[in-house]
Structures are given as structure tokens and as C-alpha cells.
Number of protein chains: 2
Amino acid sequence: MGTRAQERAALRREEILEAAERAFARNGFHATGIADIAADLGIGHGTFYRYFKNKHDIAISVAERVFSKLAEVAMSEDPTQANTVDEYRAQTERILGGMLALSRSHPVAVRLFHEQLVSIDVERLSTILETYAAFTALFLQNGIDKGFLRANIDVQPTSEALVALIFEGTRRALRTDDDEARRWATAGVRLMFDGVTAR
Amino acid sequence: MGTRAQERAALRREEILEAAERAFARNGFHATGIADIAADLGIGHGTFYRYFKNKHDIAISVAERVFSKLAEVAMSEDPTQANTVDEYRAQTERILGGMLALSRSHPVAVRLFHEQLVSIDVERLSTILETYAAFTALFLQNGIDKGFLRANIDVQPTSEALVALIFEGTRRALRTDDDEARRWATAGVRLMFDGVTAR
DNA sequence: ATTCCAAGAATGACATGTCATTCCGCTTTG
DNA sequence: CAAAGCGGAATGACATGTCATTCTTGGAAT
């Protein structure tokens with residue numbers, strides 16, 4: 001299996017993916033040529049085609065990489081674990097915190113997610129968001145079943161709304177400093193749990 | 001001013017804008033050629049350049065049109081009018097209802113907003129969202145001042161979150177039927193006002 | 001250990017196609 | 001009959017993807 005050559009090939013494929021991710025995030029998907037990606041690595045652009053069938057192929061690969069980075073964080077908590085609002089709130093804070101950290105550690109991937117994925121494959125993007133929403137729905141259902149969340153929550157649309165909220169948070173994090181991002185997270189969690197109404 | 005010729009020119013400019021909006025929404029901004037827009041109207045594509053400087057020019061113009069359509073609805077209520085939560089809730093429902101109606105009456109514009117504006121001008125898009133957020137902030141501040149909204153709301157991030165929520169609603173409306181959209185609106189408003197916590 | 005050799009990796013010139021934009025002859029209008 | 005408007009062929013820039021050719025590499029033979 002792991003011959004020297006195969007390892008090198010896998011490594012180079014990885015390098016190309018990373019260069020493409022950077023290039024797409026920097027100049028936009030459409031404005032990025034295969035030649036740009038190749039030049040970034042100092043390789044001939046013919047070489048690119050040894051590793052990827054065409055531009056669409058690498059676009060999909062880059063997109064999936066980004067999706068899985070986000071999914072790893074977004075789906076890191078157990079949806080049936082919480083038994084009280086506070087526990088769920090803590091889980092939510094961890095997820096949000098993780099997403100903001102991801103915006104710091106992989107800003108290129110997150111930028112790509114917000115600005116370019118729509119250019120690459122809208123349908124796939126929608127599907128992914130729905131998957132995240134379905135996962136979020138499990139948390140809500142858990143809370144309703146255990147009685148610590150409003151019984152009359154309409155789970156599906158509410159979870160969709162929450163996903164939108166979370167991703168807007170990461171979008172903001174890209175554009176602001178850490179303090180702002182934390183402030184955003186706090187306000188978001190409050191909105192989510194307490195709503196806007198005075199009590 | 002309004003000579004016959006000038007009127008005709010203004011009219012044609014408008015036709016081109018509408019055709020471009022349709023084409024961008026149907027095939028995407030990058031995949032749309034000037035020739036496509038011209039063909040749609042049955043005019044020569046050289047003619048296009050009598051009315052717009054270049055592709056970027058019309059892209060910007062189309063974007064601004066869409067922004068103002070959305071703004072008209074988003075900013076149709078008076079931020080200082082409400083004196084009770086219920087009044088504000090009613091205003092919010094009207095705004096959301098208006099946005100959903102817009103998704104029905106001008107799906108092309110709304111689709112463009114979600115899928116293409118990011119390709120045309122990300123910065124402008126961000127600015128616009130911030131403007132909407134600033135307007136939303138006025139409602140929140142009004143409610144806090146009058147005591148019917150939570151006093152500890154962090155106005156700026158919360159209004160940003162609400163804007164994200166509203167626009168996600170319109171995105172959903174594009175992809176679902178009227179009943180679903182209304183269901184979404186109801187769930188969204190509940191989330192916003194009541195939060196997710198049981199009481 | 002050194003030389004040799006085949007497999008396959010890398011390269012970049014090139015064919016091809018697509019557009020945005022320009023140009024110029026023709027038509028309509030005033 | 002000018003002038004303005006129009007159409008669409010022509011142009012040039014540029015990106016993708018192919019392929020004949022040139023390296024590299026790592027094992028086999030001596």
C-alpha cells in the first residue's frame with residue numbers, strides 16, 4: 001500500500017487542495033484560474049490535471065473539506081445529553097465558541113464557506129445546512145421531551161433559524177475582533193434562550 | 001427634459017435591468033453573458049453598451065435595485081411607534097410577512113440577493129446588512145426605553161442576529177410553499193420574542 | 001556500489017472555446 | 001439630411017484542458 005510514491009502523491013494532492021482553498025478565498029472562485037493555483041505551488045499547471053479531473057472536481061473537493069471542518073465542530077456535542085436548560089445552554093455556548101474558534105484558526109475555510117460556496121454548489125450548500133438543522137432539531141426535541149424547553153416549539157423551522165443564527169455568528173467573527181465575537185455569542189445565546197421580551 | 005427620445009431611453013434602460021436581473025437569477029452572475037441579456041430582449045448586444053458602461057456597471061445597478069426593493073419592505077414600519085410588546089410583535093409580523101410576500105412577488109430579486117450578490121459585491125452586501133441591522137436596532141432601543149423589552153439586550157449584536165433571522169426566512173420562503181413559509185415566520189417570531197426556554 | 005532502464009510524474013506550448021468590449025455600416029428619427 | 005440609435009461581426013484577452021516531450025525515481029543487473 002503505502003509506497004513512497006503513493007505517499008508523495010497523496011501529499012501533493014493535499015497541497016493542491018490547500019492552495020486552491022487559499023486562492024478561492026482570496027480571489028473568489030470564478031476569478032481563480034487553475035494556473036493561479038499551480039503558480040502558488042510553483043508547479044506546472046498541467047500537473048494539476050494529474051490530481052484533479054477539472055476545476056469543478058477540485059471545487060467540490062475543497063467544499064467538502066470545508067463542510068467537514070464545520071461539521072466536526074457543529075456536531076461535537078451529544079444532542080440527548082442535557083437534562084436542564086443550563087446544561088443545554090452550556091452546550092450551545094461550547095458549540096458557538098467552537099465555531100468562533102474555527103473562524104480564527106481557519107478563517108480561509110470559513111470565508112470560503114460564506115462567500116464562495118454559493119458560487120460552487122448552491123444545492124449542496126442547502127443540503128448541508130439542512131443536515132446541520134436536522135442535528136440541531138435533536139437538541140430541541142430532547143429539551144422538549146425533558147420539559148426544559150418550550151413545549152410549543154415548532155422544531156423544524158426553529159432549528160433552521162438557529163443554524164442561520166450560528167452561521168451568522170461565524171460570519172461576524174470573520175469581520176471583527178475576539179471581543180466583538182464573544183459579545184455577539186453572548187447576545188445570540190441570550191436571544192435564543194430568553195427571547196427579546198421583558199419579564 | 002422629458003423628450004420622447006429620453007423617455008424611450010429610460011424605458012429601455014429599465015428593460016435591460018429587468019432582463020439582467022432575470023438572467024442573473026436564472027443562470028448566475030458569472031454564467032450570464034451580455035449577449036444573453038441582449039438576446040432575451042431581442043436587441044443587439046452592442047446596444048447594451050449604449051445603456052451601461054460594462055458588465056460591472058449593470059451588476060451594481062441590478063444589486064441596488066434589489067437592495068431598495070428589500071429596504072422598502074424592511075424599513076416600512078416606524079421604529080418608535082410601538083408602546084407594548086404586542087404592538088412590536090405585530091410590527092415584526094408585518095415586516096416578516098412583507099418579506100415573505102416579496103419572496104413571492106419578486107422571487108427573482110430575492111434569489112439574486114441570496115445567491116448572486118455575494119459574487120457581485122460582498123462589501124456592499126455587508127454594508128447593506130449593517131444598515132438594516134442599524135434600523136432594527138432602533139426598534140430594540142425603543143422597546144428597551146419603554147420597558148417592554150429585556151433591559152439587558154445588547155442592542156447591536158442582537159439586531160444583527162435578527163436581521164440574519166429575517167433574511168434566512170426569505171431564503172426559506174424561496175424554497176418552500178406558502179404554508180411552510182408562514183410556519184417559519186411564526187416559529188421565527190416566537191423564537192425572537194419568547195426564546196426557547198420553557199416557562 | 002555503480003550503471004542502466006522502464007514506469008510514471010511533471011511540464012508548458014498549444015488548440016479550443018468563451019466572453020467582454022469595440023467598431024463600423026446601416027437604419028431610424030427629428 | 002444630419003445625428004443619434006442600433007445590430008452584430010470582429011477583436012483581443014484569457015481560461016480550460018490536452019498531449020508530446022522531458023525529467024525522476026527506485027529497483028534490477030552487473
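A quick note: this is a predicted structure, and the numbers were derived from the prediction, not measured. A, B, ... follow the sequence lines: proteins, then strands. Residue 1 opens every chain.
- Put simply, the side chain of A:I34 does not reach to within 4.5 Å of the side chain of A:F52, judged on heavy atoms.
- In this structure, B:L100 and B:A173 approach most closely via the heavy-atom pair CD2-CB, 3.6 Å.
- The cationic group of A:K55 lies under 6.0 Å from the six-membered ring centre of A:F29 and within 45° of the ring axis, placing it in a cation-pi geometry.
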How would nucleotides 8-21 of chain C be written as a contact map, 5' to 3', with B for base contact, S for sugar-phosphate-only contact and - for no contact, using protein heavy atoms under 4.0 Å?
SBBBBB------SB

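- Aromatic ring orientation, A:F139 versus A:Y88: parallel (interplanar angle below 30°, classes split at 30° and 60°).
- Looking only at distances, a side-chain donor or acceptor of A:D177 sits under 3.5 Å from a matching main-chain atom of A:E180.
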